[in-house]
Amino acid sequence: MGEGVIRPFGTADLVAAGRLLAERQRRHRVRHPLLPAEYEDPVLALVEVTAAWETEGASGAVLVEDGEVTGYLLGAPKPSPVWGDNVWVERAGQAARDPECIRELYGVAATKWVADGKTAQYVVVPDEAEMVDAWFRLGFGAQHAHAVRPVPAEPLPPRPGLTVRRARRDDIQVLAELDLVLPQYQGASPVFSAGEVPTLEEARADWEQSIEDRDYATFVAERNGVVIGSAIGCSIEKSSAHGGVAQPDNAGFLAFAAVFPQARGLGAGRALGEAVLNWAAEVGYTSVVTDWRVTNLLSSRAWPRLGFVQTFHRLHRLVGY
């Protein structure tokens, strides 16, 4: 990093930050052209930065070199106990011409965050090696992956020994049971997620209301006539985690997939993922987005093998331990 001054982020810095975010999006789309091109426009990028700045409790820092803002960092807390005493740098919360300066920007911004007790820290970083490396050298580690792939040009063929079909009302009980499988798996080693596991009664009640919701395409996988897994596809607009600069145009979303433990290894997870991809192509989407915990040994292997390419890294640091 060259000579410059780092100071707290202010409203007057928004236009410059929008320009930097637009530059970042242009670089990012060289590697990931399915990401939205419109945020290469500084005016639209400004909308995203402004939303980050106007989030309750937001604060951050900017780097000024020769009178020009050349880097910024913005974070804000999420009002959810599952994340701890937290601060989040979201998708539009950072950009810099020199990725190394992120380390200095964090040094200033995190002084306030930690003083305010925000010691559980999360940052969503674009898939740029130098920027990810800068965050790694700040003590952050990989926690979650966001990824995309185009829909298949031709329908993916069915898997031998498995039948994948759309879910019906008489599947509600097994769908409710499968709703518990993923959070139970992620609560165990090596994921250790703090996410809540619903009761079977809660899951069943939810399916009673939503089984016929046409906004969601629910599939089940059967082996010898017995349901062993399920998956859900929907529009990307249903996911708040993939908005703005991370939301491809005209994209579907692989929102959920689970297979009973005793049926793992039979290819049901892949078959369900392929069913969602085929559905997305049939309804006219051009790409599909998904995400996973990188410590989830199953999904972190299954989805890249299905062609999903990581676009953003969610990193995490717990300060003071």
Side-chain angles (χ1 to χ4, degrees), residues 1 4-32 35-79 86-113 116 118 121-128 130-132 134-135 138 140 146 236-237 239-249 289 311-315:
M1 190 186 84
V5 175
I6 294 181
R7 57 166 174 77
F9 193 105
T11 302
D13 299 313
L14 284 170
V15 172
R19 286 196 295 268
L20 289 170
L21 181 60
E23 291 174 11
R24 191 196 88 185
Q25 189 75 350
R26 280 194 290 274
R27 293 193 305 270
H28 200 187
R29 290 192 68 253
V30 172
R31 285 178 52 81
H32 301 288
L35 293 175
E38 57 262 38
Y39 292 103
E40 295 183 16
D41 180 346
V43 174
L44 292 179
L46 173 59
V47 174
E48 291 294 290
V49 179
T50 300
W53 174 238
E54 292 180 349
T55 302
E56 185 175 355
S59 64
V62 293
L63 169 63
V64 182
E65 298 178 286
D66 297 325
E68 182 183 12
V69 174
T70 59
Y72 77 92
L73 181 66
L74 279 174
K78 283 189 177 182
N86 68 82
V87 65
W88 281 71
V89 177
E90 288 281 12
R91 300 172 299 271
Q94 62 179 306
R97 290 180 182 157
D98 178 4
E100 179 66 15
C101 82
I102 287 292
R103 283 154 53 83
E104 280 78 13
L105 288 164
Y106 172 80
V108 172
T111 299
K112 172 176 169 52
W113 297 341
D116 291 343
K118 308 304 182 185
Q121 301 179 354
Y122 305 82
V123 53
V124 181
V125 184
D127 182 45
E128 294 182 355
E130 291 182 348
M131 187 169 282
V132 172
W135 282 105
L138 286 165
F140 284 75
H146 298 220
I236 190 63
E237 280 79 10
S239 171
S240 61
H242 299 278
V245 296
Q247 182 177 301
D249 297 328
V289 172
T311 53
F312 286 86
H313 305 253
R314 189 174 85 204
L315 310 181

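Everything numeric here is computed off the predicted structure, so don't read it as measured data.
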How long is the gap from CG on Leu46 to CZ on Arg19, to the nearest 0.5 Å?
9.5 Å

Taking all heavy atoms of Tyr72 and all of Ile102, pick out the closest pair and write down the distance.
O-CD1, 4.4 Å

Looking at Arg27 and Glu130, does any basic side-chain N land under 4.0 Å from a carboxylate oxygen?
no

Can you name the closest pair of heavy atoms from Leu21 and Ala45 and give their distance?
CD2-O, 3.6 Å

When you measure from the side chain of Arg26 to the backbone N and O of Glu40, does any donor-acceptor pair fall under 3.5 Å?
yes

Flag the pair Gln25 / Glu38 as yes when at least one side-chain heavy-atom distance between them is below 4.5 Å, and no otherwise.
no

Trp53 versus Leu14: any side-chain heavy-atom pair under 4.5 Å?
yes

Could you report the tightest heavy-atom contact between Met131 and Val125, atom names first, then the distance?
CG-CG1, 3.6 Å

Would you check if the side chain of Arg91 reaches a backbone N or O of Gly243 as a donor-acceptor pair within less than 3.5 Å?
yes

Ring geometry between His242 and His146 (parallel below 30°, tilted from 30 to 60°, perpendicular above 60°)
tilted

Centroid separation under 6.0 Å, is that true for the rings of Phe312 and His28?
yes

For residues Leu74 and Trp113, report the shortest heavy-atom separation together with the two atoms involved.
C-CZ2, 4.4 Å

Return yes if a side-chain donor-acceptor contact under 3.5 Å exists between Asp127 and His313, otherwise no.
yes

Please name the pair of heavy atoms, one in Pro8 and one in Val62, separated by the smallest distance, quoted to 0.1 Å.
O-CG2, 4.2 Å

Counting neighbours of NZ on Lys78 that are heavy atoms of other residues, nucleotides or ligands and sit closer than 6.0 Å, is the number greater than 12?
yes

What heavy-atom pair brings Pro36 and Gly244 nearest, and what distance separates the two atoms?
CG-O, 3.5 Å

Side chains of Val89 and Phe140, heavy atoms from C-beta outward: is any pair under 4.5 Å?
no

In the structure I gave you, are the side-chain heavy atoms of Tyr106 and Gln94 within less than 4.5 Å of one another anywhere?
no

Spacing of Asp249 atom CG and Ile236 atom CD1 [to the nearest 0.5 Å]
11.5 Å

Give the C-alpha distance, both sets of side-chain angles, the deciding distance and a yes or no for side-chain contact (heavy atoms from CB on, under 4.5 Å) between Lys112 and Lys118.
CA-CA 9 Å; Lys112 172 176 169 52; Lys118 308 304 182 185; over 6 Å; no

From the options Asp13, Leu63, Val108, select the one residue that forms a side-chain contact (heavy atoms from CB on, under 4.5 Å) with Arg7.
Asp13

Side-chain contact, heavy-atom cut-off 4.5 Å: Leu105 with Ile6?
yes

Checking salt bridge (charged side-chain N to carboxylate O under 4.0 Å, His left out) between Arg97 and each of Glu65, Glu68, Glu128, which is the one that passes?
Glu68

State, with a plain yes or no, whether a side-chain heavy atom of Trp88 is found less than 4.5 Å away from one of Thr55.
no

